[in-house]
Amino acid sequence: MNALLSDIAESCLRAAESDGMAFPEIVGRLMNAGFESYAIDFRRATATYYLPDGDSLILPAHLHRAPIAPSLNAAALREAIREAQQSAPGYTYRGFCEKAMAGGCCGYVVSFSGRRAVYFGRDAETHVECFPQR
């Protein structure tokens, strides 16, 4: 992966972690750069960015100390997602991650072409969240 694409991916990750850019802006920036998806792994504290040609980049992400619940709680996860989508008062990406983990989420994959995020738990149970309609 070339340096420019690496820089874009890293700047998007850091912007998410610092609440400097909202999810739609991050998705737009990554799509415009040519990425097709990314994955966040809470257990390894990594973010992986994928290009359509199979190339990828793994970056260290913030290590959350919150425990991951043993099973996926779709209701708790949906509530965390809604807070993010509505930019609820006091919303932070770190807070979202910790709420997702408390809801049993180990990580998630965002597909730009599929316009969705797939959240997964320890037992591979999933919750699919389609991007809101524009």
inquiry  = Does F42 form a ring-ring contact (aromatic ring centres under 6.0 Å, His included) with Y119? I'd like the steps, not just the answer.
reply    = CA-CA 11 Å; F42 293 135; Y119 299 85; 8.6 Å; no
request  = Check the pair Y49 / L5 against side chain to side chain contact (heavy atoms under 4.5 Å, CB included), numbers first and verdict last.
outcome  = CA-CA 10 Å; Y49 295 84; L5 292 176; over 6 Å; no
ask   = Going through the distances and angles, do L77 and L72 end up as a side chain to side chain contact (heavy atoms under 4.5 Å, CB included)?
value = CA-CA 8 Å; L77 188 53; L72 196 65; 4.1 Å; yes
task = Carefully, step by step, assess L13 and Y38 under the rule side chain to side chain contact (heavy atoms under 4.5 Å, CB included).
result = CA-CA 10 Å; L13 176 60; Y38 71 92; over 6 Å; no
task = With side chain to side chain contact (heavy atoms under 4.5 Å, CB included) as the test, would you mind laying out the steps for S56 and Y50 before giving the verdict?
result = CA-CA 4 Å; S56 63; Y50 300 96; 3.8 Å; yes
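The pair E79-R82 does not meet the salt-bridge criterion, since no charged nitrogen lies less than 4.0 angstrom from a carboxylate oxygen.
Around the CZ atom of R44, the shell of radius 6.0 Å holds no more than 12 heavy atoms that belong to other residues, nucleotides or ligands.
Following chains of ILVMFWY side-chain contacts shorter than 4.5 Å, one cannot reach V109 starting from F23, and the two form parts of different hydrophobic clusters. Side-chain heavy atoms closer than 4.5 Å link hydrophobic residues (I, L, V, M, F, W, Y) into clusters, and following such links, even through other members, never connects I81 to F120. Linking Ile, Leu, Val, Met, Phe, Trp and Tyr residues whenever their side-chain heavy atoms come within less than 4.5 Å places L57 and F112 in a single cluster. The hydrophobic cluster containing L51 also contains V27, counting ILVMFWY residues as joined when their side-chain heavy atoms lie under 4.5 angstrom apart, directly or transitively. Both M31 and L59 belong to a single network of hydrophobic side chains, linked directly or stepwise wherever heavy atoms of I, L, V, M, F, W or Y lie under 4.5 Å apart.
For the residue pair F35 and A9, the shortest heavy atom distance occurs at CZ-CB, 3.9 Å. The nearest pair of heavy atoms linking P52 to G34 is CD-O, 3.2 Å. Of all the heavy atoms in A80 and F96, the pair that sits closest is O-CD1, 3.5 Å. Across G103 and A76, no two heavy atoms sit closer than the pair CA-CB, 4.2 Å. Looking at every heavy atom in both residues, S37 comes nearest to S111 through CB-CA, 4.1 Å. Considering all non-hydrogen atoms of both residues, A47 and A61 come closest at N-CB, 4.3 Å.
For R122 (side chain) and I68 (main-chain N/O), a donor-acceptor pair under 3.5 Å exists by modelled atom type. Checking side-chain atoms of R94 against main-chain N and O of T92 turns up no donor-acceptor pair under 3.5 Å. D55 places a side-chain N or O within donor-acceptor distance of the main-chain N or O of M1, the cut-off being under 3.5 Å.
Residues satisfying the side chain to side chain donor-acceptor pair (under 3.5 Å) test with E98, not counting sequence neighbours, are none.
Distance check: N73 CG to C105 SG gives 11.5 Å after rounding to the nearest 0.5 Å. Considering SG of C106 and CD1 of I40, their distance stands at 13.5 Å, rounded to 0.5 Å. With values rounded to the nearest 0.5 angstrom, H62 atom NE2 is found 11.0 Å from R14 atom CZ. Here the straight-line distance linking atom CE of M21 with atom CZ of R29 works out to 5.5 Å at 0.5 Å rounding. For the atom pair OG of S11 and CD1 of I26, the computed distance is 9.0 Å after rounding to the nearest 0.5 Å. To the nearest 0.5 Å, atoms CE (M101) and CZ (R65) are separated by 10.0 Å.
P132 has its side chain within reach of Q85: a pair of non-hydrogen atoms, C-beta onward, lies under 4.5 Å apart.
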